[in-house]
Student: 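Could you have a look at this structure, given as C-alpha cells, before my questions?
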Amino acid sequence: MLRALKFCQGAVSKKDFIPALTHFRIENRTVRSYNGMLALCSPIALDIDCSPKAEPLVKAIGHCDETVTLSLTPTGRLSVKSGSFKALIDCVQEEVPHVVPEGERIDFDGQTLLTALETIYPFIGNDASRPWSNGVLLKNQSAFATNNVTLVEYWIGVTFPRECNIPRACIKEMLRIGEPPLYAQVDTNSITFHYGPDSWIRTQLFSTEWPDLAKVLETPAQHKALDESIFNGLEKLKSFVDKQGHIFFKPGQICTSRDDGEGADFEVTGHEYEGIYNIEMLMLLKNVVKGIDWGMYPNPCMFYGDRLRGAIVGMRG
C-alpha cells in the first residue's frame, strides 16, 4: 500500500488554493493524484471510496509496523490502525478533479527512452520567460533539451507520431519511479506513460515552438577527445570562483581569474585553448561528453557522446 501511495505522491499539489488537489482520490481499487499539470495513478489494495489528505496518509502508513486496517469513520475521516498505532486522516467530500489517459498508443523501447531522459535531464532549462525550454522535446527520432547555454540531442531511435514537449516535472517523476514505461498515449495536449494495468503518469504538454535547432547542431566541428582531468580541476576550483561562476581557459591550465591575480588555477597538460565558461555548465558535460571542439570559442563549442551531440556557449570577456 505504501508503495502505491508513494508512486502517486509526486503529483500531489504543494499548495492548497484548491484543497482537493492536496488529496489522493481512492476508488475502484486505484489511487490517483493530480496537481493541475501532472497526474499519477496506481493500483492499491483498498476497497474504499474516499479522498484523504495525501501527506499525513503517507506518513501514517509509513509508521505502520503490523497489519494495517483502514476504515471510514462516521465523521468521514479515514482511520488507519496498525497494532497500537492509530491515525485519523481528513478527507474532502467535494469532487476531486480527475483526468484519464487519452490519445493514440505509441510503442517504443522504454529503457532507451528512460536512459535518454536520465542523460539529458540536467540540461533542461528553468526559465519562466522561456517556458518551452523547461521540458524535453521529442521530435522525429530524438530528444532535445536546452538551458540556453547548452543544447543536447539524444538519438532515441523511435519516431513519435507528433512532436511532444514533456515538462521537467513529469521527467523528474519518471526518473524517481525508475522503471521503463511499457508504452505511451499521446493526444494534442497530453502524454501518458503506462507502467502496467491502472499504473500510469500523465502530463500536459508544453509548446513545441522551439528555435531552429539544426542551425547549431549541424555546425561543422573538429572534435578532440575530452580531457577528463578538466573535471578534477573544476572540483578543486569551484570554491574559488566568483558569483558568476567564471572559469578561464588558458593554454596549459584552467583558472578562476583572468590574470595572475587572486584566485586559483589547475594545470591541464596539453590543453591549448582559450575561453570563458560558467563552471556549472562545464560540469554538466562530465560523464556525458566524449569529444568536443574547444577551438570554436567564442562561438558555440560542439560536442558529442554516446547517441548524443550538442553545444555549449561560453561567456563573453
Side-chain angles (χ1 to χ4, degrees), residues 1-101 110-111 114 117-118 121-122 124 126 166-182 192-204:
M1 185 178 298
L2 182 60
R3 183 177 183 276
L5 297 177
K6 286 187 172 181
F7 181 93
C8 293
Q9 193 172 19
V12 174
S13 178
K14 302 297 189 297
K15 301 178 180 179
D16 58 0
F17 298 131
I18 303 177
L21 298 185
T22 64
H23 291 64
F24 289 127
R25 177 59 186 158
I26 300 174
E27 63 180 347
N28 300 325
R29 291 187 172 271
T30 65
V31 54
R32 303 190 311 270
S33 59
Y34 179 54
N35 61 15
M37 168 67 75
L38 194 66
L40 284 157
C41 180
S42 176
I44 191 170
L46 182 60
D47 193 15
I48 295 179
D49 187 334
C50 61
S51 301
K53 185 81 171 179
E55 184 177 355
L57 178 57
V58 172
K59 290 180 179 179
I61 297 297
H63 286 302
C64 295
D65 299 320
E66 302 177 37
T67 301
V68 181
T69 301
L70 295 99
S71 61
L72 286 177
T73 70
T75 58
R77 292 183 173 90
L78 181 63
S79 171
V80 181
K81 297 183 65 176
S82 176
S84 301
F85 174 76
K86 178 181 179 181
L88 293 176
I89 311 299
D90 284 338
C91 298
V92 291
Q93 303 304 319
E94 67 263 29
E95 184 177 350
V96 175
H98 176 52
V99 293
V100 296
Q111 185 58 60
L114 187 64
L117 297 178
E118 182 178 18
Y121 178 79
I124 301 174
N126 188 24
I166 306 173
R168 168 201 285 269
C170 178
I171 296 170
K172 181 179 179 181
E173 288 304 304
M174 294 176 71
L175 298 181
R176 178 184 65 84
I177 293 169
E179 300 175 10
L182 302 178
T192 303
F193 294 98
H194 291 264
Y195 295 87
D198 294 321
S199 181
W200 45 261
I201 178 171
R202 179 190 188 272
T203 183
Q204 294 181 3

Student: Compare every heavy atom of Gly76 with every heavy atom of Gln93, then report the nearest pair and how far apart it is.
Tutor: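 Shortest heavy-atom separation between Gln93 and Gly76 comes out as NE2-O, 3.9 Å.
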
Student: What is the minimum heavy-atom distance between Asn126 and Arg168, and which atoms define it?
Tutor: CB-NH2, 3.8 Å

Student: Would you say CD of Glu118 has more than 12 non-hydrogen atoms from neighbouring residues, nucleotides or ligands within 6.0 angstrom?
Tutor: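 Counting other residues, nucleotides and ligands, CD of Glu118 stays at 12 neighbours or fewer.
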
Student: If the plane angle is over 60° it's perpendicular, under 30° parallel, otherwise tilted; pick one for Phe7 and Tyr195.
Tutor: perpendicular

Student: Which heavy atom of Pro101 sits nearest a heavy atom of Thr192, and at what distance?
Tutor: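 Shortest heavy-atom separation between Pro101 and Thr192 comes out as CA-OG1, 3.5 Å.
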
Student: Drop me the distance from His194's NE2 to Ser199's OG, to the nearest 0.5 angstrom.
Tutor: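 One finds 10.0 Å between NE2 of His194 and OG of Ser199.
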
Student: Counting distance only, does the side-chain N/O of Ser33 pair as donor-acceptor with the main-chain N or O of Cys8 below 3.5 Å?
Tutor: yes

Student: Tell me if the CD atom of Glu55 is crowded by more than 12 foreign heavy atoms within 6.0 Å.
Tutor: no

Student: With a 4.5 Å cut-off on side-chain heavy atoms, are Ser82 and His63 touching?
Tutor: no

Student: Would you indicate whether the side-chain heavy atoms of Asp65 and Phe85 approach each other to under 4.5 Å?
Tutor: no

Student: Before accepting this row, confirm whether a basic side-chain N of the pair Asp49/Arg29 lies closer than 4.0 Å to the acidic partner's carboxylate O.
Tutor: no

Student: Any chance you could measure Asn28, atom CG, to Ile44, atom CD1, to the nearest 0.5 Å?
Tutor: 12.5 Å

Student: I'd like to check Leu70 versus Val68 (side-chain heavy atoms, cut-off strictly below 4.5 Å). Are they in contact?
Tutor: yes

Student: To the nearest 0.5 Å, how far apart are CZ in Arg32 and SG in Cys41?
Tutor: 6.5 Å

Student: Between atom CD of Glu66 and atom OG of Ser84, what is the distance when rounded to the nearest 0.5 Å?
Tutor: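 Glu66 atom CD to Ser84 atom OG measures 6.5 Å (nearest 0.5 Å).
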
Student: Grab the two heavy atoms, one from Leu78 and one from Cys91, that are nearest each other, plus how far apart they are.
Tutor: N-SG, 3.8 Å

Student: For Ala39 versus Val99, what's the shortest heavy-atom pair and its separation?
Tutor: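 Taking every non-hydrogen atom into account, CB-CG2, 3.4 Å.
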
Student: Could you walk me through whether Ile177 and Leu40 pass the side-chain contact (heavy atoms from CB on, under 4.5 Å) check?
Tutor: CA-CA 11 Å; Ile177 293 169; Leu40 284 157; 4.3 Å; yes

Student: Just by distance, do the side chain of Gln204 and the backbone of Pro167 share a donor-acceptor pair under 3.5 Å?
Tutor: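 Absent.
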
Student: So which atom in Val31 and which in Ala4 form the shortest heavy-atom distance, rounded to 0.1 Å?
Tutor: CG1-O, 4.0 Å

Student: Would you give the length of the straight line joining atom CD of Glu27 to atom OG of Ser51, rounded to the nearest 0.5 angstrom?
Tutor: 7.5 Å

Student: Between CD1 of Ile26 and CG of Leu57, what distance do you get to the nearest 0.5 Å?
Tutor: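 Rounded to the nearest 0.5 Å, the CD1-CG separation comes to 6.0 Å.
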
